[in-house]
Amino acid sequence: MERIPILRLRDCLLVTIQVDMHDQLALTLQDDLTELIVRHQARGVLIDISALEIVDSFIGRMLSNIAAMARILDAVTVVVGMRPAVAITLVELGLEMPGVRTALNVDAGMRLIERALEEERQAGHGRSKG
Amino acid sequence: MTESSLTRIPELLRQQQQALLTDWLDRQMSSSTLRPDLIREQDLREQSRRFLSLLAEAVAHGLGDHIQGDGYRAVSEFLGELSRSRANQGFSPTETATFVFSFKETLFNHLRDAWQNDGEGLADDIWRASTLIDRLGLHTVEVYQKGREAIIQRQQQEMMELSTPVVELWGGIVALPLIGTLDSARTQVVMENLLERIVESNASIAIIDITGVPTVDTLVAQHLLKTVAAARLMGAECIISGIRPQIAQTIVHLGVDLNEVLTKATLASAFQIALKRLGGAILTPDSQRN
């Protein structure tokens with residue numbers, strides 16, 4: 001079965017969506033990602049959608065849901081590389097993904113995760129690392 | 001109109017072309033709608049001659065009900081060309097159409113001579129000629145109007161492009177000074193331009209300056225919020241600057257919620273905050289002394 005690969009980079013998970021998403025693929029990704037966050041105790045999730053050209057309301061909602069789930073599992077989630085057309089479509093669909101962090105590219109996204117984790121560590125209310 | 005009566009128009013146009021032309025030109029020269037300031041007599045003569053010869057060819061194929069047929073292609077193309085060039089020269093639509101309509105009187109006079117005492121045949125032919133020339137005249141007006149519309153459309157397009165420049169203020173900071181009223185179509189262009197430039201210049205902060213926007217109503221505010229949301233989705237933060245006192249009042253009175261968006265009164269202060277976000281600052285001699 002077709003799957004979107006999830007890479008582990010230190011305590012972060014990297015999801016790069018290289019194909020156009022269809023509904024089943026999005027559902028599988030949702031399962032896999034939540035599973036892996038718990039298994040690896042991942043602190044950060046980076047979802048790169050720079051190759052994604054077409055979104056519909058379902059995929060938009062799935063993206064938003066995946067990000068929200070990752071956040072509930074206490075992983076800093078960043079969606080990076082959204083194309084202008086996709087951003088406009090999502091806004092028109094009313095899916096503004098409140099609370100989801102975004103960055104222009106993977107590099108900026110990783111820095112954002114690092115900074116967020118750093119802040120958490122300093123604030124001292126982050127989950128103690130086992 | 002009886003179908004039985006034969007038309008003498010093609011025959012007349014073929015045989016008496018020269019006489020028709022001379023007559024018609026006399027009329028055009030003495031007409032009040034002649035514009036000697038816009039067109040030379042020689043050109044008018046040439047245009048009239050070509051029109052007559054093309055028309056003669058066209059009617060030889062039959063007096064069709066419409067001028068879109070193959071036989072009329074040459075004459076309607078010629079008229080289209082003429083109409084476009086006259087529109088560019090500054091003729092009014094009436095003056096342009098009069099070129100064709102002025103031929104009516106000449107043609108009718110010659111038809112009267114051709115039919116002599118046959119009233120019925122004359123009436124039929126006058127009807128046919130009248131319909132034909134009306135169609136040709138209307139075609140001229142239509143092309144004239146289309147030409148004008150094309151000009152308007154091009155200007156609108158140009159204005160749209162001109163009015164939405166995205167400028168890079170600093171590495172990572174772009175600014176979009178908006179001028180003029182925002183409607184849905186313009187917002188779409190503005191939004192796309194801004195987002196494209198954010199990607200191109202890798203900017204993490206975009207400043208939308210609305211100093212030049214005369215009024216902000218709920219729709220404009222909605223458009224602005226959409227742009228901000230789309231930029232945020234892509235990973236860039238938006239700052240709205242240049243909010244004039246009256247606009248601030250209007251926004252609050254309308255109950256538009258701008259709490260989610262960072263707003264600044266001037267572009268300068270927006271730029272300062274943007275630099276600060278990127279870890280920079282502007283140092284003036286004053287601030288160094290302090």
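Numbered from 1 within each chain, the chains take letters A, B, ... in sequence-line order.
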Interatomic distance, A:Arg61 atom CZ to A:Leu90 atom CG [nearest 0.5 angstrom]: 12.5 Å
From B:Lys264 atom NZ to B:Ile239 atom CD1, the distance as rounded to the nearest 0.5 Å: 8.0 Å
Residue A:Arg101 excluded, over 12 heavy atoms near CZ under 6.0 Å: no
Atom group of A:Leu95 that falls short of 4.5 Å from chain B, counting heavy atoms: backbone
Proximal component of B:Glu237, with respect to chain A [non-hydrogen, under 4.5 Å]: neither
Check: B:Asp257/B:Asn259 side-chain N/O donor and acceptor closer than 3.5 Å: yes
Leading residue by heavy atom contact count with chain A [cutoff under 4.5 Å; candidates B:Val199, B:Leu194, B:Asn202]: B:Asn202
Heavy-atom contact with chain A under 4.5 Å, split by part of B:Ala231: neither
